[in-house]
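FYI, the numbering just counts along the sequence from 1.
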Amino acid sequence: MLEELAPKWQAARESVLRERRGGERRRAAGAGRKQRLVFVDRLLVTLVHLRLGLPHAALAELYRVDRSTVSGAVREVRPLLAARGFAIPDRPGLRIRSLEDLFAYADAGGVELRIDGTEVQVRRPRAGRPGRKAFVSGKKKQNTIKTTTFSDGQGRTLLSGVVRLRSLGFGTVV
């Protein structure tokens, strides 16, 4: 996984830096502010956060960095993992990347799907941001995102991260 994701992360990082600079490098590669977390640590922090649900502040304490560093790492690596998709244990090489892929796999293989939904508390979006009210849960009276996870009959996760905001409707994948 590391060999697959590291070049993609580096390319995305260079692209963001180039856009921020408005052109090519002005200094040699390696000059400037050093990263607090190397890519391996960024990947581990993201995987631990996604798997165990540890708060960013707790992970920041473990790595002795600021919480915003962990938040940035998760924000950078999570899309790379999402684009990679979910592996199917019985079928090497097959990956589920969207709801359409999931339903096609379930239909073709006669797999019974289980759906689990939960509300995850999030920080309140900034004032003036479109969709700010979409994050308010009527149930918990807090700012939340409703996340749906799909698994097969054996309890193996097939797809996670289908998010439903109140104003958007079901099926928005983040």
Side-chain angles (χ1 to χ4, degrees), residues 1-19 39-56 59 70-126 129-140 142-174:
M1 181 176 356
L2 184 62
E3 291 83 17
E4 179 184 340
L5 295 179
K8 292 178 183 178
W9 175 79
Q10 187 63 36
R13 177 164 166 66
E14 287 297 324
S15 177
V16 166
L17 291 175
R18 182 176 292 113
E19 187 176 315
F39 179 71
V40 174
D41 292 336
R42 289 172 180 271
L43 181 60
L44 284 173
V45 162
T46 304
L47 291 173
V48 167
H49 170 70
L50 292 174
R51 180 70 176 173
L52 303 176
L54 286 178
H56 293 187
L59 290 167
V70 171
S71 298
V74 171
R75 196 171 34 255
E76 289 174 358
V77 175
R78 192 172 185 167
L80 297 173
L81 292 171
R84 188 171 187 259
F86 283 79
I88 306 297
D90 299 339
R91 301 176 92 183
L94 180 64
R95 292 197 170 271
I96 295 178
R97 293 180 173 84
S98 66
L99 279 173
E100 292 79 19
D101 292 349
L102 175 70
F103 291 134
Y105 166 72
D107 284 342
V111 176
E112 182 180 317
L113 295 176
R114 295 180 181 178
I115 301 173
D116 180 33
T118 186
E119 287 187 335
V120 179
Q121 187 174 354
V122 296
R123 293 178 139 210
R124 186 173 187 189
R126 286 178 285 198
R129 180 175 177 231
R132 181 176 179 176
K133 291 185 180 182
F135 286 91
V136 179
S137 167
K139 178 180 177 183
K140 292 190 174 184
Q142 297 175 353
N143 296 293
T144 62
I145 290 180
K146 295 163 183 66
T147 305
T148 305
T149 301
F150 294 87
S151 61
D152 61 9
Q154 296 174 359
R156 299 178 297 196
T157 301
L158 298 176
L159 183 69
S160 183
V162 179
V163 174
R164 179 181 173 266
L165 302 178
R166 193 175 72 194
S167 66
L168 293 178
F170 187 77
T172 305
V173 179
V174 173

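With sequence neighbours excluded, the residues forming a side-chain contact (heavy atoms from CB on, under 4.5 Å) with Arg18 are Arg21, Glu24, listed by chain and number. Every residue two or more places apart in sequence or in another chain that forms a side-chain contact (heavy atoms from CB on, under 4.5 Å) with Ala106 is listed here: Val111, Leu113.
Nearest heavy atoms, Arg84 versus Arg97: O-NH2, 3.4 Å. Residues Leu99 and Phe150 approach most closely at CD2-CE1, 3.6 Å, considering heavy atoms. Taking every heavy atom of both residues into account, Ser71 and His56 meet most closely at OG-ND1, 2.7 Å. In terms of heavy-atom proximity, Tyr105 sits nearest to Ile88 at OH-CG2, 3.4 Å.
Within a 6.0 Å sphere centred on CD of Glu4, other residues, nucleotides and ligands contribute more than 12 heavy atoms.
No side-chain heavy atom of Phe86 sits under 4.5 Å from any side-chain heavy atom of Leu102. Using a 4.5 Å heavy-atom cutoff, the side chains of Leu43 and Leu81 are in contact.
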Quiz: residues 46-54 side-chain donor-acceptor pairs under 3.5 angstrom, not counting sequence neighbours:
| unit_1 | atom_1 | unit_2 | atom_2 | d |
| --- | --- | --- | --- | --- |
| Thr46 | OG1 | Arg42 | O | 2.8 |
| His49 | ND1 | Leu54 | O | 2.8 |

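For the atom pair Leu59 CG and Asp41 CG, the distance stands at 11.5 Å (nearest 0.5 Å). For the atom pair Arg114 CZ and Asp152 CG, the distance stands at 8.0 Å (nearest 0.5 Å). Rounded to the nearest 0.5 Å, atoms OG1 (Thr157) and CD1 (Ile96) are 10.5 Å apart. Between Ser151 atom OG and Glu112 atom CD the span is 9.5 Å, to the nearest 0.5 Å.
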